[in-house]
Amino acid sequence: MSDPEHAKVAIIGSGPAGLTAAIYAARANLSPVVFAGVPAGGQLMITTDVENFPGFPEGVQGPELMDRMRQQAERFGAKIIDDQVEKIDFSKRPFPVKGQSGVEVLADTLIIATGASAIWLNVPGEKEYQGRGVSACATCDGFFFKGKEIVVVGGGDTAMEESTFLTKFASKVTIIHRRDSLRASKAMQHRASTNPKIQFLWNSVVEEVVGNGKEVTGVRIRNLKDHSVKEFACQGLFVAIGHHPNTEFLGGQLTVGEKGYLELHDHTRTNVDGVFGCGDASDPRYRQAVSAAGMGCMAALDAEKWLEEHQG
């Protein structure tokens with residue numbers, strides 16, 4: 001096996017945060033190496049129409065947007081490796097970064113941009129109709145459901161917040177929850193329960209997403225009390241049972257919060273000097289492509305400044 005490659009900056013992740021960081025680092029002549037992950041591109045790779053990313057007045061397909069960002073990063077000299085990071089040793093400098101294929105990079109600085117993944121129901125039809133009626137982001141996709149009837153699965157603050165937001169577009173929102181009471185805060189419960197467009201289906205779970213091959217036409221629901229099953233007509237399903245940050249591979253070497261999101265200080269710095277975080281791996285609140293891209297820019301500028309201060 002050849003000797004490990006040396007890099008001033010290694011970026012872990014190739015979503016909007018990672019690729020924006022790569023663009024800025026490359027333009028600063030830092031020749032960043034990007035571990036793209038498998039699959040590459042982050043959550044936008046399963047998003048169809050993106051209409052809220054600046055610069056695309058007619059909208060853009062998620063995979064096309066990520067492909068353009070990748071080409072832009074490569075144009076300025078970023079090296080992108082289509083490999084999943086298996087291990088990073090934060091106790092050594094430069095930091096050894098090892099991919100699953102065996103490739104190894106020794107990095108002076110690191111930018112962690114591994115994103116977060118929606119927690120899905122894992123029921124038949126859910127994956128098939130992602131981007132065609134099934135979503136995990138109301139602010140991303142709510143606009144496409146004007147005048148339609150949709151269902152939201154969940155019982156926490158996120159589900160209530162997304163359901164309330166979706167009433168701006170949908171004609172009716174039905175919240176499906178497996179219990180007979182919500183775990184959301186009292187304020188969020190009140191906001192949802194007093195909204196005339198929102199109704200509740202208690203003690204119920206979605207067992208299948210039903211469609212016509214092109215789009216969602218309904219969901220099959222099981223009542224957990226009497227075990228009856230019925231088909232509920234709707235044109236969209238929003239899954240709002242949470243996200244989990246993709247930080248497990250770090251092995252506890254970086255400080256994370258209770259839910260696993262990277263804890264940052266002084267903008268994008270982690271608890272390890274020379275290691276920076278950005279995007280959804282450190283952002284449980286906004287989870288937007290444009291905010292992730294902004295954080296990627298910040299992390300690259302912070303890494304550049306760190307290198308100047310420590311290497312001259």
Side-chain angles (χ1 to χ4, degrees), residues 12-18 37-53 61-63 65-66 84 112-145 150-166 170 173-178 183-184 188 205-209 211 215-216 219 234 236-249 256-262 277-293 295:
I12 318 302
S14 62
V38 181
Q43 292 188 75
L44 283 185
M45 295 302 289
I46 59 170
T47 304
T48 51
D49 295 307
V50 179
E51 295 196 332
N52 56 4
F53 199 89
Q61 297 286 300
L65 176 60
M66 298 319 302
Q84 189 87 14
I112 310 298
T114 45
S117 300
I119 301 172
W120 296 99
L121 302 175
N122 293 318
V123 298
E126 180 183 49
K127 188 172 183 179
E128 178 185 353
Y129 287 103
Q130 282 179 15
R132 295 188 292 161
V134 174
S135 173
C137 181
T139 52
C140 306
D141 299 326
F143 178 82
F144 302 112
F145 292 85
I150 58 180
V151 299
V152 175
V153 176
D157 280 353
T158 297
M160 298 308 106
E161 186 175 0
E162 299 222 333
S163 297
T164 302
F165 175 83
L166 287 166
V173 176
T174 300
I175 298 174
I176 300 173
H177 188 43
R178 62 171 47 250
R183 64 180 184 277
M188 293 302 298
V205 294
V206 171
E207 288 201 328
E208 183 179 355
V209 180
E215 57 192 7
V216 171
V219 291
C234 64
L237 165 67
F238 283 79
V239 181
I241 56 176
H243 288 73
H244 62 85
N246 302 320
T247 56
E248 299 94 339
F249 77 101
V256 298
E258 180 182 349
K259 295 184 178 180
Y261 290 89
L262 287 175
C278 58
D280 287 11
S282 52
D283 174 23
R285 181 172 182 176
Y286 298 104
R287 296 198 305 269
Q288 299 297 303
V290 68
S291 56
M295 288 187 72

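This structure is a prediction, so every number in the text was calculated from the model and none was measured. Computed from heavy atoms alone, side chains included, the values below leave out hydrogens, waters and symmetry copies.
The closest donor-acceptor contact from the side chain of Asp283 to the backbone of Tyr286 lies under 3.5 Å. Checking side-chain atoms of Gln84 against main-chain N and O of Val38 turns up a donor-acceptor pair under 3.5 Å. A donor-acceptor contact shorter than 3.5 Å is absent between the side chain of Thr158 and the backbone of Gly242.
The distance from the CD1 atom of Ile175 to the CD atom of Glu162 is 10.5 Å, given to the nearest 0.5 Å. Here the straight-line distance linking atom OG1 of Thr247 with atom CG of Leu262 works out to 6.0 Å at 0.5 Å rounding. Distance check: Arg132 CZ to Phe144 CZ gives 15.0 Å after rounding to the nearest 0.5 Å. Distance check: Met160 CE to His177 NE2 gives 7.5 Å after rounding to the nearest 0.5 Å. Rounding to the nearest 0.5 Å places CD of Glu51 at 12.0 Å from SG of Cys140. Residue Ile150 holds its CD1 atom at 7.5 Å from OG of Ser163, rounded to the nearest 0.5 Å.
Residues Asn122 and Glu126 share a closest heavy-atom pair of N-OE1, 2.7 Å. In this structure, Gly154 and Ile241 approach most closely via the heavy-atom pair CA-CG2, 4.0 Å. Nearest heavy-atom pair, Ser14 versus Gly41, reported as atom, atom and distance to 0.1 Å: OG-N, 2.9 Å. Closest non-hydrogen pair, Ala116 versus His243, comes out as CB-CB, 4.5 Å. Nearest heavy atom pair, residue Gly279 against residue Ala17, reads CA-CB, 3.7 Å. Heavy atoms only, all atoms of each residue included: Ala289 and Pro16 are closest at O-CB, 3.6 Å.
Checked against Val123 for a side-chain contact (heavy atoms from CB on, under 4.5 Å), the options Val219, Val209, Val205 give a single hit: Val209. Considering Thr174, Val173, Val151 in turn, Val151 is the only one that fulfils the side-chain contact (heavy atoms from CB on, under 4.5 Å) rule with Cys234.
If you check the side chains of Ser135 and Gln130, you find no donor sitting under 3.5 Å from an acceptor. Between the side chains of Asn246 and Thr114, not a single donor N or O lies within less than 3.5 Å of an accepting N or O.
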* With side chain to side chain contact (heavy atoms under 4.5 Å, CB included) as the test, would you mind laying out the steps for Leu65 and Leu44 before giving the verdict? => CA-CA 8 Å; Leu65 176 60; Leu44 283 185; 3.7 Å; yes
* To do: Mind running side chain to side chain contact (heavy atoms under 4.5 Å, CB included) on Ile176 and Val152 for me, showing each step along the way?
  => CA-CA 6 Å; Ile176 300 173; Val152 175; over 6 Å; no
* Asked: Would Gln288 and Thr139 satisfy side chain to side chain donor-acceptor pair (under 3.5 Å), going step by step from the backbone distance to the final call?
  -> CA-CA 8 Å; Gln288 299 297 303; Thr139 52; 2.8 Å; yes
* To do: Output, in order, the C-alpha distance, side-chain angles, deciding distance and verdict of side chain to side chain contact (heavy atoms under 4.5 Å, CB included) for Asn52 and Phe143.
  => CA-CA 10 Å; Asn52 56 4; Phe143 178 82; over 6 Å; no
* Stepwise side chain to side chain contact (heavy atoms under 4.5 Å, CB included) test for Phe238 and Leu166 -> CA-CA 10 Å; Phe238 283 79; Leu166 287 166; 3.8 Å; yes
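The 12-atom threshold is exceeded at CD of Gln43, counting heavy atoms of other residues, nucleotides or ligands nearer than 6.0 Å.
Side chains of Lys259 and Pro284 form no contact here, defined as non-hydrogen atoms less than 4.5 Å apart.
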